[in-house]
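Treat the numbers as computed from the prediction; the structure is a model and nothing was measured. Both ligands and their constituent atoms are indexed starting at 1 by order of listing.
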Amino acid sequence: SVCWHGRQKRLFSTTKRRITIMPAWVIDQYGGNDVLRFTKNASFPVITYPNEVIIKVNAAGLNPIDVGMRGGYGASSLSMKRDPLNLMQNGMEFPLILGRDVSGVIMECGLDVKYFTERDEVWAAIPPWKQGSLAEFVVLSANEISRKPKLLSHREAAAIPYVATTSWSALVNTGGLSKDNCAKKRILILGGSGGVGTFAIQMLKAWGAHVTVTCSQNAEWFVRDLGADHVVDYTSGPVEKPLSELEKFDLILDNVGGETERWALTLLKPWSGAKYVTLVTPFLQNTDLLGIADGMMQTAATVATKALKHLVKGVHYRWGFFAPSGPALDEISEMVDAGQIRAVVEETFSFSQVPHAFEKMEKGHARGKTVVQIS
Ligand code: NDP
């Protein structure tokens, strides 16, 4: 509370009135890269709930979902999350600010914020239904943020939170893994060279697992350098063949999707609690196409049918999802400061180059993360 009042006073005393606008990249409609618009007049975020903080963004990280959301991906379910009673008209999400990772400094705390204070350096993964980090400031709940690792610059820190909290949700909450039960477990990561893969390899290796990764041939040394024990090239023929010749796995994390589901579950050790967790799910597409109620019914029916089909063969089929979590980031921050996990920044863009950053993301073939230096 001290911090909130202090800030209020300072803002009033130095400027005589509260700041109401800020620079940001926004979209006013869904579409291609041409819908990205830079403005100096985006609304300054306000603290609506007492557990919220305003963060001055130093660096922002991009994820495939930003490219998807620019084109309208998830629009109906995200609108419902923003406005559950549907009080606002369609299109009220605009101007929409993208950018799911933030590293920056707290400049204002709500009255109930206890564990953080003004000027703390923090990092966070921003839920897709909230305004993003391609702006000078962002407002988040205190339970979504965490103290940034000391070893990393803001630019490096912005490469981690979204893929880290997604990996944590998929591997720990859905997959049942932890630092205490991973030793010698055989894990397969389908798609090891992108944002999620480069993070998940490092976390699982730090926990003592044996990690096999699929990626294209030119990424082999890149993923080996992050700790992968065994690498299978998917570009030189059907990857399921060499994979089926290996000892079976305790868990598969699928970052690729599509056809992989047809064969991946046969690579698991049956009747041992082994799980296949895929991050490539039709959840948001279903709600976009069918509307919320039908989309959710369709989704529930699909996952239940698939889970049951595999359960009778002794393996578990699960969908993994991003989940915001300050506490998970606290643990990851410790691992980073202990030298167990490093940031894998493929390319950094300046704030004025945001459309170039999106172009790069759209080309695919990520080798780690794309970051935007905001200030
Ligand atoms: P990236 O774009 O950072 O990485 C994807 C990587 O996969 C690239 O390195 C690409 O390189 C590689 N790749 C492409 N095709 C194959 C293949 N057939 N086999 C092996 N590797 C392949 O994406 P992220 O890591 O950030 O995300 C991965 C997936 O997870 C995305 O589909 C994303 O939408 C999804 N996701 C879902 C979430 C959820 O809540 N459900 C949350 C976060 C991510 P190359 O093409 O050169 O091989």
Side-chain angles (χ1 to χ4, degrees), residues 61-71 73-74 77-78 81 99-101 125-129 158-171 173-175 188-203 212-223 226 228 230-243 252-264 277-287 299 303 318-325 328 343-347 357-371:
L62 293 182
N63 289 271
I65 194 171
D66 289 305
V67 176
M69 283 174 66
R70 192 201 61 202
Y73 171 77
S77 19
L78 296 174
K81 187 82 189 166
R100 302 270 67 89
D101 291 294
I126 305 173
W129 54 89
I160 293 180
Y162 196 81
V163 292
T165 45
T166 299
S167 301
W168 191 276
S169 160
L171 295 171
N173 302 342
T174 308
L188 169 62
I189 302 176
L190 297 173
S193 51
V196 175
T198 51
F199 177 83
I201 294 171
Q202 298 186 77
M203 186 170 87
T212 301
V213 160
T214 68
C215 63
S216 71
Q217 201 222 330
N218 66 22
E220 171 169 356
W221 290 106
F222 174 68
V223 297
L226 294 167
H230 189 77
V231 181
V232 180
D233 166 25
Y234 81 90
T235 58
S236 63
V239 77
E240 56 271 35
K241 196 166 174 308
L243 286 174
I252 299 174
L253 176 67
D254 190 349
N255 303 318
V256 173
E259 294 295 299
T260 52
E261 270 190 35
R262 298 196 180 189
W263 45 262
V277 184
T278 180
L279 288 173
V280 186
T281 74
F283 178 67
L284 292 178
Q285 281 102 313
N286 280 351
T287 48
T299 303
V303 72
R318 296 277 186 277
W319 284 356
F321 292 102
F322 158 77
S325 170
V344 187
V345 179
E346 181 180 16
E347 196 166 352
F358 273 80
E359 268 164 34
K360 192 230 163 268
M361 297 282 301
E362 271 181 296
K363 287 194 189 121
H365 307 300
R367 297 288 178 267
K369 299 291 303 172
T370 300
V371 171

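- For the pair Leu279 and Val277, the minimum side-chain heavy-atom distance is 4.5 Å or more.
- Nearest protein heavy-atom contact of atom 21 (N) of ligand 1 is Gly191 CA, 3.3 Å.
- Regarding atom 3 (O) of ligand 1, its nearest protein heavy-atom neighbour is Gly195 N, 2.8 Å.
- Residue-to-ligand polar distances place Gly320 within reach of ligand 1: an N/O pair is separated by less than 3.5 Å.
- For the pair Pro64 and ligand 1, the shortest N or O to N or O distance does not fall below 3.5 Å.
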Kindly indicate, with the supporting measurements, whether the criterion side chain to side chain contact (heavy atoms under 4.5 Å, CB included) is fulfilled by Val256 and Val280. CA-CA 7 Å; Val256 173; Val280 186; 5.8 Å; no

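- Some N or O of Tyr234 is nearer than 3.5 Å to an N or O of ligand 1, by distance alone.
- Taking any N or O of Thr281, backbone or side chain, none lies under 3.5 Å from an N or O belonging to ligand 1.
- In terms of polar-atom proximity, Cys215 is not counted as a contact of ligand 1, lacking any N or O under 3.5 Å from an N or O of the ligand.
- Nearest to atom 10 (C) of ligand 1 among the protein's heavy atoms is Ser193 OG, 4.0 Å.
- Using bins of under 30°, 30° to 60° and over 60° for the plane-to-plane angle, the ring pair Tyr162/Phe322 lands in the parallel bin.
- Here the shortest heavy-atom distance to atom 31 (C) of ligand 1, taken over Leu253, Asn255, Thr278, Thr198, belongs to Asn255.
- Taking the side chain as every heavy atom from C-beta outward, Lys360 and Leu62 never approach each other to under 4.5 Å.
- When hydrogens are left out, the protein atom nearest atom 32 (O) of ligand 1 is Val280 CG2, 3.8 Å; that is the closest non-hydrogen contact.
- Heavy-atom distances between Leu190 and ligand 1 stay at or above 4.0 Å for every pair.
- Nearest heavy-atom pair across Thr214 and Leu243 is CG2-CD1, 3.9 Å.
- The N/O atoms of Leu279, backbone and side chain alike, include one that comes under 3.5 Å of an N/O atom in ligand 1.
- Taking 4.5 Å as the limit, every side-chain heavy atom of Ile160 sits out of range of all side-chain heavy atoms of Asp101.
- Any N or O atom pair closer than 3.5 Å counts here, and Arg367 shares at least one such pair with ligand 1.
- For ligand 1, the atoms sitting less than 4.0 Å from at least one non-hydrogen atom of Val196 are 24 (P), 25 (O), 26 (O), 27 (O), numbered in the order shown with element in parentheses.
- Among His365, Glu259, Glu346, Arg100, the residue whose heavy atom sits closest to atom 47 (O) of ligand 1 is His365.
- Shown in contact with Phe322 at under 4.0 Å from a heavy atom are these atoms of ligand 1, numbered in order with element: 39 (C), 40 (O).
- Ligand 1 has no nitrogen or oxygen under 3.5 angstrom from a nitrogen or oxygen of Thr166.
- For Thr165 against Ala323, the heavy-atom pair with the smallest separation is CB-O, 3.4 Å.
- A side-chain N or O of Ser216 and one of Arg367 form a donor-acceptor pair less than 3.5 Å apart.
- With hydrogens and angles ignored, the 3.5 Å screen pairs a side-chain donor or acceptor of Asp66 with a backbone N or O of Asn63.
- Counted within 6.0 Å of CD on Gln217, heavy atoms from surrounding residues, nucleotides or ligands total 12 or fewer; the atom is thus considered open.
- In terms of heavy atoms, Gly368 sits closest to Thr198 at CA-OG1, 4.1 Å.
- The backbone N or O of Gly257 sits less than 3.5 Å from a side-chain atom of Asp254, completing a donor-acceptor pair.
- Taking 4.0 Å as the cut-off, Thr214 counts as a neighbour of ligand 1 on heavy-atom distance.
- Not a single heavy atom of Met361 sits closer than 4.0 Å to an atom of ligand 1.
- Backbone and side-chain nitrogen or oxygen atoms of Ala366 are examined, and one is located within less than 3.5 angstrom of a nitrogen or oxygen of ligand 1.
- Checked by distance only, ligand 1 and Gly194 come closer than 3.5 Å through their nitrogen or oxygen atoms.
- With hydrogens and angles disregarded, no donor-acceptor distance shorter than 3.5 Å links the side chain of Gln202 to the backbone of Leu226.
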